[in-house]
> 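Here it is, the structure in full.
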Amino acid sequence: MKKIEAIIKPFKLDEVKDALNNIGLQGMTVTEVKGFGRQKGHVELYRGAEYNVAFLPKLKLELCVSDSLVEKVISTIQEKANTGKIGDGKIFVYELIEAVRIRTGEKGETAL
């Protein structure tokens, strides 16, 4: 099993979510986050004054999937979250040691 974390632009969520549902993904956790990478934020104008926005709004998707779905999930997120512009985000993959469904006590892939 693997845990996939993807940082994406907020307006891409629906497109990514629908595509993941279409490939059989059953659930995900979405968190509103702020951060920056190579783009280093940007400058905005508010009431005539310039100010730096160092942390840009992003969404973090967290998905736990079986090993057989990993490549399909990664390619789906990459395809649907891509705008071709700086700040599209990143995808991280972690080894998942165990999963337990609290309600039933199921363990491993059956808990996903």
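By convention here, the first residue in the shown sequence is residue 1. Because the structure is a prediction, the values reported are computed rather than measured.
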> Looking only at heavy atoms, which two atoms of A99 and A111 are closest? And how far apart?
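Shortest heavy-atom contact: O-CB, 3.6 Å.
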> Starting at CD1 of I23, measure out to CG of D18 and round the result to the nearest 0.5 Å.
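Answer for the CD1-CG pair, I23 versus D18, is 12.0 Å.
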> Compare every heavy atom of P57 with every heavy atom of P10, then report the nearest pair and how far apart it is.
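The answer is CD-O, 3.6 Å.
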> Applying side-chain hydrogen bond (donor to acceptor under 3.5 Å, both in side chains), name anything that partners S75, two or more places apart in sequence or on another chain.
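By the side-chain hydrogen bond (donor to acceptor under 3.5 Å, both in side chains) rule, S75 matches no residue at all.
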> Does D88 use its side chain to pair, donor to acceptor, with the backbone of T83 at less than 3.5 Å?
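It does hold such a pair.
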> Counting C-beta onward and ignoring hydrogens, is there a side-chain heavy-atom pair between I91 and E5 closer than 4.5 Å?
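No. Closest side-chain heavy atoms not under 4.5 Å.
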> With sequence neighbours excluded, what pairs up with Q78 under the side-chain hydrogen bond (donor to acceptor under 3.5 Å, both in side chains) test?
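side-chain hydrogen bond (donor to acceptor under 3.5 Å, both in side chains) check on Q78 returns nothing, list empty.
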> Determine whether K80 and K12 make a side-chain contact, defined as any pair of heavy atoms from C-beta on separated by less than 4.5 Å.
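No, their side chains stay 4.5 Å or more apart.
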> Are L56 and L61 in one and the same hydrophobic cluster, where Ile, Leu, Val, Met, Phe, Trp and Tyr link if side-chain heavy atoms are under 4.5 Å apart?
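No, separate clusters.
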> Is M1 linked to V70 within one hydrophobic cluster, defined over Ile, Leu, Val, Met, Phe, Trp and Tyr using a side-chain heavy-atom separation of less than 4.5 Å?
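No, M1 and V70 fall in different hydrophobic clusters.
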> Would F92 and L96 show up in the same hydrophobic cluster when neighbours are defined by side-chain heavy atoms closer than 4.5 Å?
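Each belongs to a different hydrophobic cluster.
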> Which heavy atom in A19 sits nearest to a heavy atom in T76, and how many Å separate them?
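Closest heavy-atom pair between A19 and T76: CB-CG2, 3.5 Å.
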> Check side-chain hydrogen bond (donor to acceptor under 3.5 Å, both in side chains) between T31 and all other residues, then give those that pass, not counting sequence neighbours.
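None.
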> Do you know which of V65, N21, L20, I4 makes side chain to side chain contact (heavy atoms under 4.5 Å, CB included) with M28?
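Only one option passes, and that is L20.
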> Below 4.5 Å, heavy atoms only, C-beta onward: do I77 and L63 meet side chain to side chain?
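Heavy-atom side-chain distance check passes, below 4.5 Å.
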> Hey, are the side chains of K58 and K34 touching, using non-hydrogen atoms and a 4.5 Å cut-off?
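Not touching, per the 4.5 Å side-chain cut-off.
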> Examine V30 and L112 and state if one hydrophobic cluster contains both, with Ile, Leu, Val, Met, Phe, Trp and Tyr joined whenever side-chain heavy atoms are less than 4.5 Å apart.
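No, no single cluster joins them.
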> Can we say K107 and E98 salt-bridge, meaning some charged N sits less than 4.0 Å from an Asp/Glu carboxylate O?
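Looking at E98 together with K107, the answer is no, because their closest N to O distance does not fall below 4.0 Å.
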> Any idea which heavy atoms bring C64 and K3 closest together, and the distance?
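Answer, listing the atom of C64 first, then K3: SG-CG, 4.2 Å.
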> With a 4.5 Å heavy-atom cut-off, do I7 and K60 have their side chains touching?
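A side-chain contact exists here, since the closest heavy-atom pair is under 4.5 Å.
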